[in-house]
Amino acid sequence: MKVKVGINGYGTIGKRVAYAVTRQDDMELIGVTKTKPDFEAYRAEELGIPVYAASEEFLPRFEKAGFEVAGTLNDLLEKVDVIIDATPGGMGAKNKPIYEKAGVKAIFQGGEKADVAQVSFVAQANYEKALGKDYVRVVSCNTTGLVRTLSAIQDYIDYVYAVMIRRAADPNDIKRGPINAIKPSVTVPSHHGPDVQTVIPINIETSAFVVPTTIMHVHSVMVELKKPLEAKDVIEIFENTTRVILFEKEKGFESTAQLIEFARDLHREWNNLYEIAVWKESISVRGNRLFYIQAVHQESDVVPENIDAIRAMFEMADKWESIKKTNESLGILK
Ligand SMILES: NC(=O)C1=CN([C@@H]2O[C@H](COP(=O)(O)OP(=O)(O)OC[C@H]3O[C@@H](n4cnc5c(N)ncnc54)[C@H](OP(=O)(O)O)[C@@H]3O)[C@@H](O)[C@H]2O)C=CC1
Ligand SMILES: O=C(OP(=O)(O)O)[C@H](O)COP(=O)(O)O
């Protein structure tokens with residue numbers, strides 16, 4: 001039996017998760033919601049994906065354009081086992097009562113607060129915690145990136161200090177698009193440190209800055225070690241960590257631009273780089289301090305997490321079985 005999946009919010013994250021669902025042999029994409037009949041709605045229709053209005057209030061927009069929807073969100077909820085809420089940050093919490101009323105499991109995204117769900121999730125760190133759960137939150141793209149590498153060296157961590165250099169907007173965003181400024185999050189810690197702690201119990205402080213780019217976030221990570229670890233050990237650990245890839249400046253990976261070019265060269269859909277990119281040369285240890293620099297493709301690293309979260313919630317596979325299946329289906333390198 002395939003799990004029936006619906007997507008509420010067919011935007012940057014929603015459309016990528018929808019695509020990933022169609023790549024799974026144990027899941028079925030039942031439909032997606034839109035608030036308006038724009039090109040994304042027409043493209044979904046072309047792909048044979050049923051489009052539902054996100055609520056009744058949006059129906060006149062579709063009627064006016066002559067776009068035939070399959071119903072509204074409530075109709076979609078009647079047909080699915082799980083809904084992926086990929087609506088703008090904060091909207092998921094408002095939608096939750098609708099999902100509860102429909103008796104449908106739900107996965108929320110990182111723009112929601114942790115208390116929206118029973119568990120905050122990164123597959124390789126805490127898959128088991130989501131087993132059988134009804135409400136799971138896939139943490140934000142930056143938090144996912146931090147958890148992927150930090151959980152791999154968790155036993156060595158005394159304290160982490162990390163600086164997030166965040167892209168100003170996604171490439172399709174014409175409202176927030178790169179400003180000619182560096183904008184600090186003046187609240188310290190930024191939400192990322194406390195968010196990491198909702199997944200793994202480590203000491204961590206973070207601060208964050210927005211810079212004028214649309215392609216990827218970069219993290220400068222500093223770890224105080226509680227037991228000895230050499231750079232070569234960290235390299236070996238990361239080489240053996242799923243969804244983490246080492247890139248070398250020596251081979252031309254000088255910036256986020258080349259990382260995205262690499263994803264294009266792989267012919268990845270939407271140039272998704274699902275893996276966290278760690279610069280190999282940046283990994284260094286001085287005394288009891290470890291340093292490394294990594295990049296996160298904000299539009300895609302959380303996509304495999306949503307797929308694994310579905311399998312955990314329906315207890316369809318154990319952790320490594322699910323991760324392997326998801327990785328293979330999306331061409332994730334390791
Ligand atoms: N973009 C990113 O880099 C990342 C985002 N996230 C998180 O994922 C979530 C979604 O973000 P993202 O995909 O970027 O957002 P987008 O703005 O790209 O997409 C949001 C979608 O929600 C839909 N929507 C808008 N209003 C409503 C409504 N009233 N009811 C139902 N749907 C609505 C929009 O539909 P329509 O187009 O039809 O108006 C749109 O398709 C957020 O929690 C965000 O924090 C997590 C990791 C990375
Ligand atoms: O989850 C993300 O970033 P975050 O981890 O910095 O909150 C996404 O890049 C969305 O960030 P945004 O809230 O700046 O759109």
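Just follow the structure's listing: the first ligand is 1, and inside any ligand the first atom is 1.
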K.L.:
Below 4.0 Å, non-hydrogen atoms only: which portion of Thr12 touches ligand 1? Side chain, backbone, both or neither.
P.N.:
both
K.L.:
Can you tell me which portion of Arg167 lies within the under-4.0 Å heavy-atom range of ligand 1? Options are side chain, backbone, both, or neither.
P.N.:
side chain
K.L.:
Would you say ligand 1 has an N or O under 3.5 Å from any N or O of Gly9?
P.N.:
no
K.L.:
What residue and atom, counting heavy atoms only, is the protein's closest point to atom 22 (O) of ligand 1, and at what distance?
P.N.:
Pro88 CD, 3.3 Å
K.L.:
What is the nearest protein non-hydrogen atom to atom 20 (C) of ligand 1, stated with its residue, atom name and distance?
P.N.:
Ala86 O, 3.5 Å
K.L.:
Quick check: Thr143 and ligand 2, any N/O pair under 3.5 Å apart?
P.N.:
no
K.L.:
Atom 43 (O) of ligand 1: which protein heavy atom is closest, and how many Å away?
P.N.:
Gly111 N, 3.1 Å
K.L.:
Could you work out, for atom 5 (O) of ligand 2, the closest of Ser140, Ser185, Ala169 by heavy-atom distance?
P.N.:
Ser140
K.L.:
Among protein heavy atoms, which sits nearest to atom 37 (O) of ligand 1, and what does the distance come to when rounded to 0.1 Å?
P.N.:
Lys34 NZ, 2.7 Å
K.L.:
Measure the distance from atom 1 (N) of ligand 1 to every protein heavy atom, then report the residue, atom name and distance (to 0.1 Å) of the closest one.
P.N.:
Asp170 OD2, 2.6 Å
K.L.:
Side chain, backbone, both or neither: which part of Asn8 comes within less than 4.0 Å of ligand 1 when only heavy atoms are counted?
P.N.:
side chain
K.L.:
Say whether Gln298, considering both its backbone and side-chain N or O atoms, lies within less than 3.5 Å of an N or O atom on ligand 2.
P.N.:
no
K.L.:
Tell me: protein heavy atom nearest atom 15 (O) of ligand 2, and distance?
P.N.:
Arg176 NH2, 3.0 Å
K.L.:
Tell me, which protein residue and heavy-atom name are nearest atom 19 (O) of ligand 1, and how many Å apart are they?
P.N.:
Gly11 CA, 3.4 Å
